[in-house]
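Scope of the values below: all heavy atoms of this structure, side chains included, with no hydrogens, waters or symmetry mates. Predicted, not measured: the structure shown is a model, and the values here were computed from it.
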Amino acid sequence: MSAPTTEALPATSVEEPPDTGARHKLTAVTGLAALSLDAMASVAYGPEAIVLVLAAAGGYGLGFTLPVTLAIAGLLAVLVASYRQVIAAFPDGGGSYAVAKSHLGRRTSLVAAASLVLDYVLNVAVAVTAGVAALTSAFPGLYGDRLWLCLTVLVLITGVNLRGIVDSAKAFIVPTVVFIGSILVLIVVGLFRDAPASTEAAAGHASVLADNATTVGALLLLKAFASGCSALTGVEAIANAVPSFRAPAVRRAQHAEIALGALLGVMLIGLSVLISRFGLQPVEGVTVLAQLADASIGHNIGFYVIQFATMVLLALSANTSFGGLPVLLKLLARDNYLPHVFGLKADRQVHRHGVLALAGVSAALLVFSGGDTNTLVPLFAIGVFVGFTIAQTGMVLHWRKARGPRWTGKALLNGLGALLTGVAAVVVTATKFHDGAWLIVVALPLLVVAFELVHRAYGRIGERLGVGRIPEPPHRERSLVVVPVSSLTRLTSEALTAAVSLGDEVRAVTVCHPDAEDRAATEALARDWALWNPGVELVRVPSECRTLGRPVADYVRELAVTDPGVQVTVLIPEVEPAHLWQRILQNQRGAVVAHAVRRDTDAVICRLRFRLD
């Protein structure tokens with residue numbers, strides 16, 4: 001027989017290159033779309049945070065919107081340059097957590113992890129409230145129901161993530177491009193207008209401009225700067241996911257970081273120019289972005305397109321937390337800093353417990369804030385700045401240890417970033433402390449303490465279990481199986497069959513109560529048992545109280561005392577109905593016995609399911 005030749009094979013099977021998995025990774029463009037949603041969406045509430053602070057100084061104070069924004073853009077440039085260095089230094093990703101773990105110690109890495117947890121949670125709450133604010137700005141009649149709208153959106157996002165539906169990066173491109181394009185068109189059109197095209201969106205809404213205007217001092221400007229820095233959230237996201245990019249991953253991630261910084265800077269500065277150009281004043285119930293769209297484009301279809309695009313992008317930016325936080329919780333659980341249940345995946349490959357925990361805490365924040373974005377933004381900024389400061393400080397130590405080419409300049413750049421973000425964190429905490437920032441001041445150390453307590457608990461459990469040590473070889477012990485019974489049925493027969501297969505000795509146990517009716521039932525069971533003669537002893541356990549679990553547990557404990565060398569197993573037979581609704585018909589006797597035995601003894605519990613087909 002002649003050897004097969006390649007001519008018999010399809011040409012594609014010979015020439016097709018092997019799949020290396022690169023097509024499943026991000027390019028600079030798809031990475032920008034998938035990982036910049038938090039940062040891009042922040043232009044919906046960042047400029048508004050600045051305006052609301054400066055409104056305390058009246059119309060004169062609003063004139064400082066552009067200078068404050070330029071200062072924030074300068075900090076953005078520093079952060080982008082710094083995170084380009086983080087990407088190069090830590091190509092395996094991890095951002096502030098990885099930097100802190102390598103250079104600042106375990107405790108500081110936990111602070112970074114806690115700040116990331118708060119960042120993810122607050123991102124959901126802020127994104128949902130800001131998205132609903134965009135909706136109510138277009139349809140003012142919904143403003144009174146904004147809290148319920150926020151909770152509804154949160155339930156929808158949670159439901160999607162529990163089903164395991166993960167949108168690809170390509171799916172993010174369309175809403176991202178629509179949003180960026182809309183904002184850029186808004187800015188360009190607005191720059192060519194001498195007066196607002198429309199003020200219909202703000203008509204009839206009360207102004208929040210202060211009547212008793214304060215002076216514009218350094219503290220007010222610092223407060224506006226710190227509040228506006230909430231627009232910098234998400235700058236670190238690309239550095240957290242460098243391994244997700246195609247090779248060369250570092251270069252592609254750096255290009256995406258630069259593009260993010262450039263687009264975000266242009267949008268922030270452009271919107272601030274328009275705020276000053278139109279003399280815009282903040283009003284209750286209408287976002288600053290909605291007023292700018294109204295003034296630049298007019299109250300037409302373009303206005304509603306911008307509001308809808310803003311709402312969609314903010315909803316997608318909230319969805320990124322549902323992808324990021326459960327993974328972070330899994331890593332912390334793997335390192336024994338959180339319960340291991342956060343490391344489990346459901347059938348749809350979803351970290352269900354992480355998703356539900358995020359949804360629960362986010363819902364509490366929405367109720368706490370009443371669905372108001374401006375209540376949550378200062379809280380958002382604190383956790384972000386803590387992570388920024390830790391990352392930049394760790395990078396200073398990184399360059400000092402590495403001492404490579406031009407390490408001094410790199411260290412100075414990171415040091416400047418750490419100083420600026422640290423000052424911003426202190427200022428926003430001090431100025432917003434009584435407005436809710438105390439919550440983050442309390443929550444951050446409490447999270448770190450919780451991580452430590454969980455870690456110590458797992459350490460004690462590991463010591464008791466001998467984790468990391470070779471255990472003694474297994475040996476066989478005499479086994480005794482106890483089967484609780486209350487009547488003579490097929491279920492009883494199935495349970496005893498399983499018991500005699502498992503143990504050296506089997507005892508059926510029935511609990512006897514002193515009531516006349518119960519005594520008669522017990523005597524009837526004893527007579528039927530004798531006639532049936534299954535070869536298993538029926539033990540009567542008396543109980544003065546009408547309880548079931550405790551007498552069985554007391555009997556098992558007595559067995560362990562009288563014969564300490566025996567391995568006792570309690571086999572609990574239970575009926576499993578054919579339909580879910582029929583479970584309400586069960587008496588739950590098995591659950592009661594299992595709970596008592598587990599609580600009061602060291603016996604093995606085996607629950608036998610008898611299926612009713």
Side-chain angles (χ1 to χ4, degrees), residues 474-613:
H475 59 280
R476 192 179 188 282
E477 293 183 342
R478 189 171 65 87
S479 59
L480 170 62
V481 181
V482 175
V483 183
V485 298
S486 59
S487 59
L488 194 56
T489 64
R490 183 180 173 187
L491 178 63
T492 308
S493 175
E494 294 285 344
L496 294 181
T497 299
V500 296
S501 302
L502 293 174
D504 299 318
E505 181 182 354
V506 178
R507 295 183 189 178
V509 174
T510 185
V511 178
C512 308
H513 300 113
D515 297 349
E517 181 180 351
D518 290 328
R519 285 201 307 271
T522 302
E523 293 298 333
L525 175 62
R527 289 194 301 270
D528 292 342
W529 196 274
L531 292 173
W532 184 38
N533 191 21
V536 174
E537 177 187 359
L538 178 65
V539 179
R540 304 187 194 185
V541 177
S543 174
E544 296 297 326
C545 301
R546 293 196 61 83
T547 182
L548 183 63
R550 188 177 296 276
V552 175
D554 291 342
Y555 176 75
V556 171
R557 192 165 52 246
E558 289 176 6
L559 290 176
V561 172
T562 56
D563 194 353
V566 68
Q567 174 64 60
V568 180
T569 298
V570 180
L571 189 147
I572 304 172
E574 295 177 292
V575 171
E576 184 171 303
H579 303 287
L580 183 63
W581 68 268
Q582 292 176 336
R583 293 185 181 182
I584 62 174
L585 305 177
Q586 293 179 283
N587 55 28
Q588 305 300 324
R589 292 166 62 94
V592 171
V593 173
H595 175 73
V597 172
R598 182 183 296 109
R599 181 190 58 200
D600 298 333
T601 76
D602 295 327
V604 176
I605 299 175
C606 178
R607 302 179 73 167
L608 176 67
R609 304 286 186 178
F610 183 76
R611 298 180 183 273
L612 298 178
D613 296 329

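D504 places a side-chain N or O within 3.5 Å of a backbone atom of S479 that can act as its donor or acceptor partner. A distance-only check finds a donor-acceptor pair linking the side chain of W529 to the backbone of V536 [under 3.5 Å]. Formation of a donor-acceptor pair under 3.5 Å by the H513 side chain with backbone atoms of T547 is found in this model.
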Let me check something: any side-chain donor-acceptor pairs from residues 518-526 under 3.5 Å, sequence neighbours excluded? List them with distances.
{"residue": "D518", "atom": "OD2", "partner": "R546", "partner atom": "NH1", "Å": "2.2"}
{"residue": "R519", "atom": "NH1", "partner": "P514", "partner atom": "O", "Å": "2.3"}
{"residue": "T522", "atom": "OG1", "partner": "D518", "partner atom": "O", "Å": "2.9"}
{"residue": "E523", "atom": "OE2", "partner": "R540", "partner atom": "NH1", "Å": "3.0"}

I'd like to know whether R550 forms a side-chain contact (heavy atoms from CB on, under 4.5 Å) with R599, so could you lay out the CA-CA distance, the side-chain angles of the two residues, the decisive distance to 0.1 Å, and finally the verdict.
CA-CA 10 Å; R550 188 177 296 276; R599 181 190 58 200; 3.7 Å; yes
Report the C-alpha distance between V570 and V556 in whole Å, list the side-chain angles of each, state the deciding distance to 0.1 Å, and finish with yes or no for side-chain contact (heavy atoms from CB on, under 4.5 Å).
CA-CA 8 Å; V570 180; V556 171; 3.7 Å; yes
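No more than 12 heavy atoms of other residues, nucleotides or ligands sit less than 6.0 Å from atom CZ of R490. For E477, the CD atom counts as densely surrounded, since its 6.0 Å shell holds more than 12 non-hydrogen atoms of other residues, nucleotides or ligands. Atom CZ of R507 sits in a crowded spot, with more than 12 heavy atoms from other residues, nucleotides or ligands closer than 6.0 Å.
Using a 4.0 Å cut-off between a side-chain N of Lys or Arg and a carboxylate O of Asp or Glu, E505 and R478 qualify as a salt bridge.
T569 places none of its side-chain heavy atoms less than 4.5 Å from the side chain of L480. Annotation: side chain of V566 is not in contact with side chain of L559 (no heavy-atom distance under 4.5 Å).
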